[in-house]
> 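This structure is in structure tokens; I'll ask about it shortly.
Whatever order the structure lists them in is the order used to number ligands and atoms, beginning at 1. Worth saying up front: this structure is predicted, and the values here are computed from it rather than measured.
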Amino acid sequence: MVADKILPPGSTIGILGGGQLGRMTAIAAARLGYRCIVFAPEADPVAAQVSAAHVQAAYDDAPALANFAAQVEVITYEFENVPEAAVSECLRHRPVRPGVQPIHLAQHRLREKAFFRSLGIGTADYQPVASDADVAGATALPGILKTCTEGYDGKGQARVSTRDELAAAWTKLGRRECILEALVDFQCEISAIVARGLDGTTRCFPIGLNHHRDGILRTTTVPSNLPPAILATAERFGVELANGLELVGLIALEMFVTKDGRVLANEMAPRPHNSGHWTIDACATSQFEQLVRAVCGLPLGSVDVLAASRMENLIGDEAADWQRYLIDPTARLHLYGKGESRPGRKMGHVTFVTPLWAAPTSTT
Ligand code: AMP
């Protein structure tokens, strides 16, 4: 490691985006003695509740971005839909880790899939849908039609079995540039979360087994109990992706495991990921601390698993049950400080861990 590239504790990290991922990054940063400043357009973003300062401005406000950059030593982002131009503007002033290319790819499903293929990372069959001719010639059926940009948590998607259904779905999606992906008959969904340091060292967290409902992650279980060959492929894909991007930071790769044991990449997120929240309570280093270490040029931390765990998201009104988790000795509760609960809104999560040793209960 190059000593002069280390940002020591006491330095300030800038975070583009004000959501729960930034919040948990700021908490991990504070534990190691760093300060965070959050750039986000909204008032009272949950990341700023636990940070040193909040720059409230629009992502296209170049003077505000320059002012933000001047107050920090390094910049990261906590969501991949941060406008590319905002990241480029920040880069004029400070290092941005993990940089522009990861979001350039992650913001566009076709670019992303082509990049996976270029690295030898398997994907479902796919084809572009951007014209009536594309619809008429479509073969990746049955499939899922997805908008190339701005889709997340299952939004901007439609399942289609025939070309007629495809035509109707494409019209409903506004005849925007789309990707048609063949429907994967998967046995399960998994994710690899890989950190890559300034010196090119990589470290992959143990693969999580993910369960989605209505396009939203509901639970992640570790260990996944999948065969070692599948886990090795998933880890290799994650590491190849991080190396292929020359990433400094953290990246999550979501994958399908097909019923015949193949691993296919679905999408990537160059930031902490919901399926890595278990690491806070059940891993030697959390994904958030690992991101802080990577962007500050520190050695990456151990990914030893401390306990078996299952993370459950608390979505919408589910967070109202918080008291229940406080009296469960296996539950580790995390609430994101979001005022208003709305259907589909991630309000918190709880990680159930299997204790190695349960303390005797005291009645006093
Ligand atoms: P995405 O927005 O691409 O993450 O998709 C959300 C969820 O839809 C995934 O986690 C899967 O459960 C499902 N899904 C997406 N793409 C496919 C596919 N090609 N085949 C089967 N299921 C899919």
> Would you say that more than 12 heavy atoms from the other residues, nucleotides or ligands in this model lie under 6.0 Å from the CZ of Arg159, or not?
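No, not enclosed.
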> Does an N or O anywhere in Lys146 fall below 3.5 Å from an N or O of ligand 1?
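By distance alone, the answer is yes.
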> Output the distance between atom OG1 (Thr258) and atom CZ (Phe186), rounded to the nearest 0.5 Å.
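It is 11.0 Å, given to the nearest 0.5 Å.
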> Report the residue from Gln107, Arg271, His104 that forms a side chain to side chain donor-acceptor pair (under 3.5 Å) with Glu80.
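Exactly one pass, corresponding to Arg271.
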> Just so I know, are the side chains of Leu333 and Leu326 near enough to count as touching, which here means a heavy-atom distance under 4.5 Å?
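In contact.
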> Looking only at N/O atoms, are Leu183 and ligand 1 under 3.5 Å apart anywhere?
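Between Leu183 and ligand 1, no N or O pair is found under 3.5 Å apart.
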> Does Glu181, backbone or side chain, put an N or O under 3.5 Å from an N or O of ligand 1?
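Yes; the residue has a nitrogen or oxygen that sits under 3.5 Å from a nitrogen or oxygen of the ligand.
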> Heavy-atom distance to atom 12 (O) of ligand 1: which of Glu189, His212, Glu267 wins?
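Ranked by closest heavy atom to atom 12 (O) of ligand 1, first place is Glu189.
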> So is Gly143 in contact with ligand 1, going by heavy-atom distances below 4.0 Å?
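False for this residue.
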> With a heavy-atom distance limit of 4.0 Å, tell me whether Asn210 approaches ligand 1 through its side chain, its backbone, both, or neither.
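The answer is neither.
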> State whether a side-chain donor-acceptor pair under 3.5 Å links Gln20 with His334.
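No, no side-chain donor-acceptor contact under 3.5 Å.
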> I'd like to know whether CD of Glu246 has more than 12 heavy-atom contacts from other residues, nucleotides or ligands below 6.0 angstrom.
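No, because the 6.0 Å sphere around CD of Glu246 holds 12 heavy atoms or fewer from other groups.
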> Is ligand 1 under 4.0 Å from a heavy atom in the side chain of Ile144, in the backbone, in both, or in neither?
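Side chain only; the backbone of Ile144 stays clear of ligand 1.
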> Does Tyr126 reach ligand 1, in the sense of a heavy atom lying below 4.0 Å from it?
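Per 4.0 Å heavy-atom rule, Tyr126 does not contact ligand 1.
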> Against heavy atoms of Gln157, which atoms of ligand 1 measure under 4.0 Å?
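By the 4.0 Å cutoff, the relevant atoms are 1 (P), 2 (O), 3 (O), 5 (O).
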> Rounded to the nearest 0.5 Å, what's the gap from NZ on Lys5 to CG on Asp199? Could you check?
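Taking NZ in Lys5 and CG in Asp199, the distance rounds to 10.0 Å.
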